Amino acid sequence: MLRFPEKVLSSVLKDGAPALQYAKPYLFIRSFAFLPSLVSLIGFSAFRGTLDTSTPLKISLAANAFNGILDPILMFTLTMGVAGAALATLSAEIISATFFVMLMLRRQLFRWSKIFRLPSWSQLKPLLKGGAALQLRNVALNVTFLAVARVTQSLDETGVAAAAHALSIQVFQVGGIVLLALSTVAQTVVPNELIEKFDATTGKRHGGKSDAKAVVNRLMSWGFILGGILGALQLLLLPVLQKSSPLEEVRQAAVIPSILASCYQLMNGLVFIGEGIMVGCGNFLQLSISTVVATIGALISLNTLPNIYGLTGVWMSFGVFNSLRLLGVWLHQTRFGPLANSNMAKTKVQ
């Protein structure tokens, strides 16, 4: 990305695209954030592994607040434009990584003396096994989003479609961020509930697959309810959110995609939490296969629907993508997952 930004951007933008002159400096500066972002991701996972979710939240709030303050200063006051936005984000990533490193050292979650020591194969094998499956999922997700970006950028030369798409994404994020957070909750709560525990006070055992199944059912119910509420909230806020663009043609182009983004939240609540449950159960390969199938469906849709419906077709392809992911969640919970009724019955028989 540092040496050949044009080649990287060619996966999204065609040669001579007007956005290329803005994308190149942005990508160049943001490339320096790769290592800080990786450190922050490891720090977030480390704290979540100790069931401490408040510390990453505080670090994220501080870093994003700094980013929000620095953005207008660099972009407008110092007239740096897009490069200023990239520099502000890079600064926030560095601040986040620095805080994570300091706190992990203070809590002895890692030591400098072991940073460059190679782990043993017995320690590395389970990480590689689970990580390879999750990486397959990440590749599938990135392919989908790159295809969406490329198709959106190719819809017109004026940038109206791209701007309307960005506006629709903003509408989606009103509820999407909350639902994605619930996915993380499922990843933490379900494996904790799967472990059988003995309460010395009451003399009773709790936990195990039956209790985990009850937790899964509650999480899925809340995902459906919250998805409906947040989708309705987005529809109510749509006139306000559309004012974020001063261009009438952009606002008009974003109307139907924004409505679709709101309606999809009903499905997204089930998808995000369901996939979090798959991670919590350790079924990484099932999750990856489900995502790959959904990506194939999305790519087929992106090759046909935008040619007929324009930007609305792009968002219809999102619907195909998440519908297939929802099918994967349903199959996991009813057929192939450890908490499916048939598999739980087999375990009891054994």
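Just so you know, these numbers come straight off a predicted model, no measurement behind them.
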Going by atom types only, do Asp156 and Thr158 share a side-chain donor-acceptor pair under 3.5 Å?
-> yes
Would you check if the side chain of Ser60 reaches a backbone N or O of Pro56 as a donor-acceptor pair within less than 3.5 Å?
-> no
Is it true that a side-chain atom of Asn192 and a backbone atom of Thr188 form a donor plus acceptor pair closer than 3.5 Å?
-> no
Should Phe224 and Ile273 count as side-chain neighbours, where that means a heavy-atom distance under 4.5 Å?
-> no
Exactly one candidate in Ile296, Thr144, Leu299 meets side-chain contact (heavy atoms from CB on, under 4.5 Å) with Phe321; the answer is Thr144
What are the two closest heavy atoms between Gly227 and Leu179, and how far apart are they?
-> N-CD2, 4.1 Å
Any chain of hydrophobic side-chain contacts (each under 4.5 Å) joining Val82 to Leu87?
-> no
Grab the two heavy atoms, one from Leu311 and one from Ala253, that are nearest each other, plus how far apart they are.
-> CD2-O, 3.9 Å
Have a look at Ser317 and tell me which of Val148, Val151, Leu302 forms a side-chain contact (heavy atoms from CB on, under 4.5 Å) with it.
-> Leu302
Which atom pair, heavy atoms only, marks the closest approach of Gly337 to Asn283?
-> CA-OD1, 4.4 Å
Of all heavy-atom pairs linking Leu326 and Met267, the shortest is CD2-CG, 3.8 Å
Smallest heavy-atom separation, Glu196 atom then Gly208 atom, equals CG-CA, 3.7 Å
Is the backbone N or O of Leu287 less than 3.5 Å from a side-chain atom of Thr291, with the two atoms forming a donor-acceptor pair by type?
-> yes
Considering only heavy atoms from C-beta outward, does the side chain of Thr50 approach that of Leu109 to under 4.5 Å?
-> yes
Heavy-atom pair with the smallest gap, counting every atom of Leu74 and Gly84 | CD1-O, 3.4 Å
Parallel, tilted or perpendicular: ring planes of Tyr264 versus Trp315, cut at 30 and 60 degrees = parallel
If we only count heavy atoms from C-beta on, is the Val190 to Cys281 side-chain gap below 4.5 Å?
-> yes
